[in-house]
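Just so you know, residue 1 is the first one in the sequence shown, and it goes up from there. These numbers come from the heavy atoms of this one structure, side chains and all, not from hydrogens, waters or symmetry mates.
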Amino acid sequence: MRLAGRVTKAGVPKYSYRWKGYLIVKVKSDQVKLFLPGSIAQWFRKNEYVEIEVEGEKKVYFSHEFRLWKFYGEKKVLAWPPFNEEITLEKKDPLSGDVLYTYRLRVREAVTKRDFELIAELEQYHYASKKDTVAIWWCGDRYVQANVKPADHCVLVEIKGSLPVSRFIVMELVEKQPFEPDIVGYLRIDPPIPLMHRRVGNTIIKNIREKVFPPEWFHPTYWPEKLMRELARRYPRLNRKELFELVRKRAIAMCNTAVSRISRVVIHPDYRGDGLGMTIVKEALKWVDERDVPEMRKKKVMVETIAQMARYHPFFERVGFVYLWDTASGRPVLYYPLTEEARKYIEEFLRTDPVARQHGGRLYNPKLEFPDPLSENLELQGVTKLYTSVLDVEGLDPKVRDVLLSFGVDRRVVQRYVLRNVNLSIKPGEVVVLAGLSGAGKTTLLRLISGLSEPDEGEVYIPSNARISVLIPGEAEPQFGDESILEHVYRKIGDIVAAIELLNVSGLSDAVFYRARFSELSTGQKERAKIASVLAERPNLLVIDEFAAHLDTLTAMRIARKVVRLAREKNITLVLVTHRPELLKVIKPDRLLYVGYGGVIERSPPP
């Protein structure tokens with residue numbers, strides 16, 4: 001049943017306005033009450049025309065019992081139920097196109113108390129976070145600043161940096177393990193910032209947007225700091241909570257723009273580098289286009305983002321955002337057109353502006369360069385390696401010695417061929433995986449390939465232009481000091497953009513890790529930092545023993561996929577040792593070699 005009426009009241013409780021709210025709608029001579037989150041209810045004005053779809057005639061409808069449309073002029077927008085979509089994200093082998101692993105994701109608007117608590121927890125991982133704590137909680141008798149909920153009775157008051165007009169979507173794993181986070185990402189939508197100036201060299205061009213686009217697209221919006229200062233002067237006796245509530249009401253009343261702004265995209269560090277950031281941005285564009293968030297008033301024609309991170313990661317551009325200029329403070333500004341009219345304005349600017357004509361709308365320029373591939377095959381010809389061990393009980397504890405003697409162990413020379421008359425040829429750019437039992441000779445073969453050891457017989461021919469990087473745990477590893485991980489990689493590779501690219505490839509795509517010291521990392525994070533470090537040496541021959549040994553299955557698969565993709569793109573000859581069969585499907589080696597009993601046997605890689 002469809003009901004039509006006008007809003008008589010939009011009720012939003014103080015301080016919990018994001019997840020609590022209601023509307024009272026006059027339908028003919030009667031009134032109905034609709035319960036829905038305050039982050040949506042707050043955008044309805046008195047006397048605003050709405051439509052409601054319900055089943056059965058009641059006075060009160062809870063959130064699961066109705067659908068609600070909001071009108072702005074002749075335009076009708078679905079306001080409730082909230083935006084909610086499921087997506088399947090397949091991660092494929094770049095060569096074969098085979099699916100390596102799959103994410104089933106749900107992207108939906110944040111509407112519950114728990115949603116916003118989880119957003120506050122995830123906010124601490126935001127690249128641009130300048131605060132030690134990112135949320136303010138009311139715990140009954142005092143305010144507490146913390147990144148996670150301090151106690152069960154505490155209520156979230158404010159996510160620092162967010163606005164009263166902010167709307168959020170969250171990303172969940174539809175199928176997840178108990179240890180995985182409840183949300184793996186969130187995105188925040190705001191109105192556009194009130195003023196934007198452009199820097200061109202030492203020149204500042206004021207109000208650049210109004211010179212390029214119709215001014216009414218960006219106004220009226222509001223200036224959070226300015227409004228807060230004005231109201232604080234006018235009402236000096238208000239406490240922080242009361243002042244914030246007054247700011248919220250003023251902001252809601254004034255905002256009505258044709259442009260939305262993506263002001264935050266945060267993906268959990270363990271899930272970065274797999275396209276989840278691009279996925280949630282694509283869903284946000286759909287959300288804005290369909291529902292005209294945050295205000296649900298003017299039709300949205302364009303989406304704006306101001307992101308310093310876009311210099312170092314291209315996911316906005318990969319989605320379709322176009323770089324136009326830098327703000328006066330030097331932050332890049334990118335736009336996504338939702339309409340043909342907006343697209344034409346953007347194209348006209350890129351065509352006529354002298355600076356824009358040079359960059360052509362592109363901001364991100366990859367800096368990761370590697371030397372030419374190996375000039376010829378790496379060859380092992382008739383290679384033999386004999387290991388000799390002397391077992392002696394002299395000097396041992398008497399009790400230990402007596403036990404060994406009872407087994408007949410006194411002194412013995414043990415010899416065995418680790419490799420025997422091995423012939424092997426590895427082509428430039430090949431990805432080779434070595435497998436076999438522990439102690440079979442895989443590490444010995446790596447030492448020979450990397451020049452760390454000499455054969456007893458035979459020859460190892462390493463191409464003259466070989467630039468070798470080696471990671472053999474406990475033997476050949478990069479050395480870290482007290483510098484941050486980003487500094488370590490940057491000093492090796494000599495380019496800050498390339499350093500960030502390598503950290504992303506290695507699974508350390510979080511600014512918290514960028515500024516961490518090696519000693520502060522977990523075992524798995526240290527392994528990823530070592531991979532980034534050896535890649536920073538720009539090798540054309542990379543040798544890694546026990547690859548991804550300390551990583552969980554999904555993380556290991558992510559890192560393997562990215563490292564192998566980089567190797568193939570840059571024609572790096574890659575020789576890995578792994579005991580993990582699940583990684584073979586991701587690595588898709590050109591050759592799979594089994595080492596054991598002195599020999600090296602080639603097997604067909606798994607399909």
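Side-chain contact check for Asp274 and Tyr103: at least one donor-acceptor pair (N or O, by modelled atom type) lies under 3.5 Å. With 3.5 Å as the limit, one finds a donor-acceptor pair spanning the side chains of Arg188 and Ser166. At a cut-off of 3.5 Å, with distance as the only test, no side-chain donor of Thr102 or Lys91 sits close to an acceptor on the other residue.
Taking the charged nitrogens against the carboxylate oxygens, Asp326 and Arg199 have no contact shorter than 4.0 Å, which rules out a salt bridge. The pair Lys299-Asp292 meets the salt-bridge criterion, since a charged nitrogen lies less than 4.0 angstrom from a carboxylate oxygen. Ion pairing between Asp495 and Arg538 fails under the 4.0 Å rule for side-chain N and carboxylate O. For Arg198 and Asp353, the salt-bridge test passes: some basic side-chain N is under 4.0 Å from an acidic carboxylate O. Ion pairing between Arg558 and Asp270 fails under the 4.0 Å rule for side-chain N and carboxylate O. Between Lys367 and Glu501 there is no salt bridge, since no side-chain nitrogen of the basic residue lies less than 4.0 Å from a carboxylate oxygen of the acidic one. The pair Asp182-Arg114 meets the salt-bridge criterion, since a charged nitrogen lies less than 4.0 angstrom from a carboxylate oxygen. A salt bridge is absent between Arg517 and Glu483: the closest approach of a Lys/Arg side-chain nitrogen to an acidic carboxylate oxygen does not fall below 4.0 angstrom. Salt bridge absent: Arg108 and Glu85 never bring a charged side-chain N and a carboxylate O closer than 4.0 Å. Residues Lys344 and Glu347 are not paired through a salt bridge, judged by the lack of any N-O separation under 4.0 Å between the basic side chain and the carboxylate. Under a 4.0 Å N-O distance rule, the pair Arg209/Glu304 qualifies as a salt bridge.
Atom NZ of Lys226 has 12 or fewer heavy atoms from other residues, nucleotides or ligands within 6.0 Å. Atom NZ of Lys249 is surrounded by 12 or fewer heavy atoms from other residues, nucleotides or ligands within 6.0 Å. More than 12 heavy atoms of other residues, nucleotides or ligands sit less than 6.0 Å from atom NE2 of His197. Other residues, nucleotides and ligands place more than 12 heavy atoms under 6.0 Å from the NZ atom of Lys176.
Tyr323 approaches His359 most closely through the heavy-atom pair O-CE1, 3.3 Å. Taking all atoms of both residues into account, the shortest heavy-atom contact from Val174 to Arg106 is CG2-N, 3.7 Å. Shown here for Leu276 and Met171, the closest heavy-atom pair between the two residues is O-CE, 3.5 Å. Lys149 and Cys154 get closest at one heavy-atom pair: CE-O, 3.0 Å. The two residues Thr257 and Glu295 have their closest heavy-atom pair at N-OE2, 3.0 Å. Here the shortest heavy-atom pairing between Asn504 and His313 reads ND2-CD2, 3.5 Å.
For the atom pair Leu350 CG and Leu324 CG, the distance stands at 5.5 Å (nearest 0.5 Å). In this structure, CG on Leu118 lies 10.5 Å from CG on Leu156, to the nearest 0.5 angstrom. For the atom pair Ile559 CD1 and Leu508 CG, the distance stands at 7.5 Å (nearest 0.5 Å). Interatomic distance, Ser519 OG to Phe480 CZ, rounded to the nearest 0.5 Å: 11.0 Å. To the nearest 0.5 angstrom, Ile485 atom CD1 is 4.5 Å from Leu521 atom CG. Distance check: Leu566 CG to Ile572 CD1 gives 4.5 Å after rounding to the nearest 0.5 Å.
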Next on the checklist: Could you walk me through whether Asp190 and Arg264 satisfy the salt bridge (charged side-chain N to carboxylate O under 4.0 Å, His left out) test, starting with their C-alpha distance in whole Å, then the side-chain angles of each, then the deciding distance to 0.1 Å, before giving a yes or no?
Outcome noted: CA-CA 9 Å; Asp190 287 330; Arg264 282 284 196 275; over 6 Å; no

Item to check | Working for side chain to side chain contact (heavy atoms under 4.5 Å, CB included), residues Val184 and Leu173 | outcome: CA-CA 7 Å; Val184 294; Leu173 297 172; 3.8 Å; yes

Checklist entry - Given Ser533 and Glu477, is the side chain to side chain contact (heavy atoms under 4.5 Å, CB included) satisfied, shown in steps? => result CA-CA 9 Å; Ser533 182; Glu477 297 184 298; over 6 Å; no

Item to check | Chi angles and distances behind the side chain to side chain contact (heavy atoms under 4.5 Å, CB included) call for Met302, Tyr336 | outcome: CA-CA 6 Å; Met302 195 164 61; Tyr336 185 95; 5.9 Å; no

Item to check | Check against side chain to side chain contact (heavy atoms under 4.5 Å, CB included), Ile40 and Arg167 | outcome: CA-CA 8 Å; Ile40 298 174; Arg167 302 271 293 267; 3.8 Å; yes

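Considering only heavy atoms from C-beta on, Phe547 stays 4.5 Å or farther from Leu471 through its side chain. Residues Val212 and Trp325 have side chains in contact (heavy-atom distance under 4.5 Å, counting atoms from C-beta outward). Inter-residue side-chain proximity for Glu317 and Leu334 is flagged as met; some heavy-atom pair is nearer than 4.5 Å. Residues Thr221 and Ile193 fail the side-chain proximity criterion, which asks for heavy atoms closer than 4.5 Å. In this structure the side chain of Val303 reaches within 4.5 angstrom of the side chain of Phe321, judged on heavy atoms. The side-chain heavy atoms of Arg311 and Tyr364, taken from C-beta on, include no pair separated by under 4.5 Å. With contacts defined as side-chain heavy-atom distances shorter than 4.5 Å, the pair Lys530/Phe518 qualifies. You'll find the side chain of Met557 stays beyond 4.5 Å of the side chain of Arg561, heavy atoms only.
At distances below 3.5 Å, not a single donor-acceptor pair connects side-chain atoms of Thr555 with backbone N or O atoms of Asp552. In this structure, Glu487 contributes its side chain and Ser484 its backbone to a donor-acceptor pair below 3.5 Å. The backbone N or O of Arg229 sits nowhere less than 3.5 Å from a side-chain atom of Arg234 that would complete a donor-acceptor pair. Between the Asp115 side chain and the Val111 main chain, a donor and an acceptor come within less than 3.5 Å of each other. With Thr352 contributing its side chain and Glu348 its backbone, the two residues share a donor-acceptor pair below 3.5 Å. Within the 3.5 Å criterion, the main-chain N or O of Ser506 finds no donor-acceptor partner in the side chain of Arg528. Looking at Ser260, its side chain never comes within 3.5 Å of a backbone N or O of Val288 through a donor-acceptor pair. With hydrogens and angles ignored, the 3.5 Å screen pairs a side-chain donor or acceptor of Glu527 with a backbone N or O of Ala548. The backbone N or O of Glu210 lies less than 3.5 Å from no partner atom in the side chain of Asn207, so there is not a single donor-acceptor pair. Put simply, the side chain of Lys570 gets close to the backbone of Leu368: a donor and an acceptor are under 3.5 Å apart.
Taking the six-membered ring where the residue is Trp, Tyr335 and Phe218 present perpendicular rings, their angle passing 60° and hence far from 30°.
Taking the ring axis of Tyr72 as reference, the NZ or CZ atom of Lys298 does not stay both within 45° of it and closer than 6.0 Å to the ring centre. Remark: Arg357 is not positioned above the aromatic ring of Phe349, lacking an NZ or CZ atom under 6.0 angstrom from the ring centre and at most 45 degrees off the axis.
Taking the six-membered ring where the residue is Trp, the centroids of Trp138 and Tyr143 are separated by under 6.0 Å. Centroid-to-centroid, the aromatic rings of Phe168 and Phe116 come within less than 6.0 Å.
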